Amino acid sequence: MDAHFLPISRVRQVPSVAVVVDVMRAYTVAAWAFARGAEKIVLAESTADALALTARHPGWVALKDGPPAPGFDLVNSPGLLRSADLSGRTVVQKTTAGTVGALAVKHAPLVLCAGFVVAEATARVLRAGGYDEVTFVVTGEDGRADEDLACAEYIAHRATGPDTTAATATGPATETAGAPGATIGPATDTTTAPGSTTDRATADRAAPYLRRAAASRAAVELATGIREGAHADDIALCLELDRFPFAMAATLEEGLMVLRPHTPH
């Protein structure tokens, strides 16, 4: 599998397979929304579109980045979302980077949205498909967000196996799995979810990637309160490896980009 890592701004062709990565916090939040019972998530083009959708569908709930705002029911925080009851609900999500990245590849035959919490399930879909080429859309900071790049590299590593090197792509997000700062080896500070089926060897392999994410600019901004609409547990929740057993696939449905949980075989 040739894995290419691109920022949103360099997605100019329709990839055959796209994995859109936003660790802090869009696709960690999306996974928690499904865990809390959401049926589907509509990825909105803009906040105005999100509000228009919920106005047309009174049972839908709207979610956005930043502090609470009129018309929006939820904020983009896994710590704040994890106590919500979303049973059977449709969530309309608009974020700064994650939803933008998915919409940039909306015509791809397969679009997966991911963070560390669904890393292995996402990799399993890629392994099962036997795809020759996969484009990882690194959404944050024009492809420079290390938490997103680290997660993309980790998923590529899990999808290809330790003996296969992912291919590079030009642009800001050019590192490959196995790049400096992402070497594979023993570690002591792993982050796995309670009840996770992740074994020790997998946790050790993931540890360097998780350390990079924990030291990222996004993590610092969340920890210091620069990013609004946050909970004290957000960073830890975003770094829970394989917290959920499902992947997340987005498809166009009646003109809307709709994200649903997808259980790999």
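Residue numbers run from 1 in the order of the sequence given. Because the structure is predicted, anything quoted here is derived from the model rather than measured.
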Who are the salt bridge (Lys or Arg N to Asp or Glu O under 4.0 Å) partners of D49, not counting sequence neighbours?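 Partners of D49 under the salt bridge (Lys or Arg N to Asp or Glu O under 4.0 Å) test: none.
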Taking only residues two or more places apart in sequence, or in another chain, which ones meet D234 in a salt bridge (Lys or Arg N to Asp or Glu O under 4.0 Å)?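 Once residues adjacent in sequence are excluded, the partners of D234 under the salt bridge (Lys or Arg N to Asp or Glu O under 4.0 Å) criterion are R25.
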When rounded to the nearest 0.5 angstrom, what is the spacing between [atom1] in [X] and [atom2] in [Y]?
{"X": "S87", "Y": "R36", "atom1": "OG", "atom2": "CZ", "value": "7.5 Å"}
{"X": "D73", "Y": "T54", "atom1": "CG", "atom2": "OG1", "value": "7.0 Å"}
{"X": "F136", "Y": "D148", "atom1": "CZ", "atom2": "CG", "value": "12.5 Å"}
{"X": "L210", "Y": "F116", "atom1": "CG", "atom2": "CZ", "value": "4.5 Å"}
{"X": "T251", "Y": "L259", "atom1": "OG1", "atom2": "CG", "value": "8.5 Å"}
{"X": "I41", "Y": "C113", "atom1": "CD1", "atom2": "SG", "value": "9.0 Å"}

Main chain of [Y], side chain of [X]: is a donor-acceptor contact present, judged purely on distance under 3.5 Å?
{"X": "T28", "Y": "V23", "value": "yes"}
{"X": "E133", "Y": "S16", "value": "no"}
{"X": "D22", "Y": "G98", "value": "yes"}
{"X": "N76", "Y": "K64", "value": "no"}
{"X": "D146", "Y": "S216", "value": "no"}
{"X": "D242", "Y": "V117", "value": "no"}

Could you note down all residue pairs passing salt bridge (Lys or Arg N to Asp or Glu O under 4.0 Å) where [range] supplies at least one of them, sequence neighbours left out?
{"range": "residues 50-59", "answer": "none"}
{"range": "residues 95-106", "answer": "E45-K106"}
{"range": "residues 76-100", "answer": "R82-D233"}

Are the charged groups of [X] and [Y] less than 4.0 angstrom apart, N to O?
{"X": "R158", "Y": "E153", "value": "no"}
{"X": "E240", "Y": "R243", "value": "yes"}
{"X": "R212", "Y": "E147", "value": "no"}

Residue pair [X] / [Y], side-chain heavy-atom distance below 4.5 Å:
{"X": "V20", "Y": "L112", "value": "no"}
{"X": "V125", "Y": "H262", "value": "yes"}
{"X": "V137", "Y": "V11", "value": "yes"}
{"X": "T135", "Y": "V105", "value": "no"}
{"X": "V138", "Y": "V21", "value": "no"}
{"X": "L86", "Y": "L74", "value": "yes"}
{"X": "M24", "Y": "I235", "value": "yes"}
{"X": "L252", "Y": "H107", "value": "yes"}

Locate the shortest heavy-atom distance separating [X] from [Y]; write the atom from each residue and the value.
{"X": "P245", "Y": "A121", "value": "O-CB, 3.5 Å"}
{"X": "G115", "Y": "C151", "value": "C-SG, 3.4 Å"}
{"X": "A123", "Y": "A159", "value": "CB-N, 3.9 Å"}
{"X": "V75", "Y": "G229", "value": "CG2-O, 3.9 Å"}
{"X": "P78", "Y": "L237", "value": "C-CD1, 3.7 Å"}
{"X": "T122", "Y": "A114", "value": "OG1-CB, 3.7 Å"}

Assess the side chains of D65 and T95: does a donor N or O sit below 3.5 Å from an acceptor N or O?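 Their side chains do not contain a donor-acceptor pair, so the 3.5 Å distance test is not met.
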Let me see the working for M248 and V118 under side-chain contact (heavy atoms from CB on, under 4.5 Å), right down to the final yes or no. CA-CA 8 Å; M248 299 184 293; V118 293; 4.2 Å; yes
Same apolar cluster: Y154 and Y131, side chain cutoff 4.5 Å: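 Cluster IDs for Y154 and Y131 match.
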Any chain of hydrophobic side-chain contacts (each under 4.5 Å) joining L103 to V29?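 Linked within one cluster.
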Hydrophobic cluster (4.5 angstrom, side-chain heavy atoms) - remaining members for [X]:
{"X": "V92", "answer": "V42, L53, W60, L256, V258"}
{"X": "I226", "answer": "none"}
{"X": "L51", "answer": "F72"}

Would R260 and E253 count as a side-chain contact (heavy atoms from CB on, under 4.5 Å) here? Give the steps. CA-CA 11 Å; R260 296 180 186 272; E253 299 180 15; 3.0 Å; yes
Applying side chain to side chain donor-acceptor pair (under 3.5 Å), can you list everything that pairs with R124, at least two apart in sequence or on another chain?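 By the side chain to side chain donor-acceptor pair (under 3.5 Å) rule, R124 matches no residue at all.
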Which residues share a side chain to side chain donor-acceptor pair (under 3.5 Å) with R227, sequence neighbours left out: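 R227: side chain to side chain donor-acceptor pair (under 3.5 Å) contacts with E221.
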Dump the intermediate steps for side-chain contact (heavy atoms from CB on, under 4.5 Å) on D2 and V134, then the final yes or no. CA-CA 6 Å; D2 290 333; V134 176; over 6 Å; no
Once ring-ring contact (aromatic ring centres under 6.0 Å, His included) is applied, what residue pairs with a partner in residues 221-254 remain, sequence neighbours excluded?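 The answer is W32-F244, F244-F246.
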Any chance CZ of R127 has more than 12 other-residue heavy atoms, nucleotides or ligands included, within less than 6.0 Å?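 Correct, the count exceeds 12.
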ring-ring contact (aromatic ring centres under 6.0 Å, His included) partners for Y27, two or more places apart: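 Listed in chain order: nothing, the list is empty.
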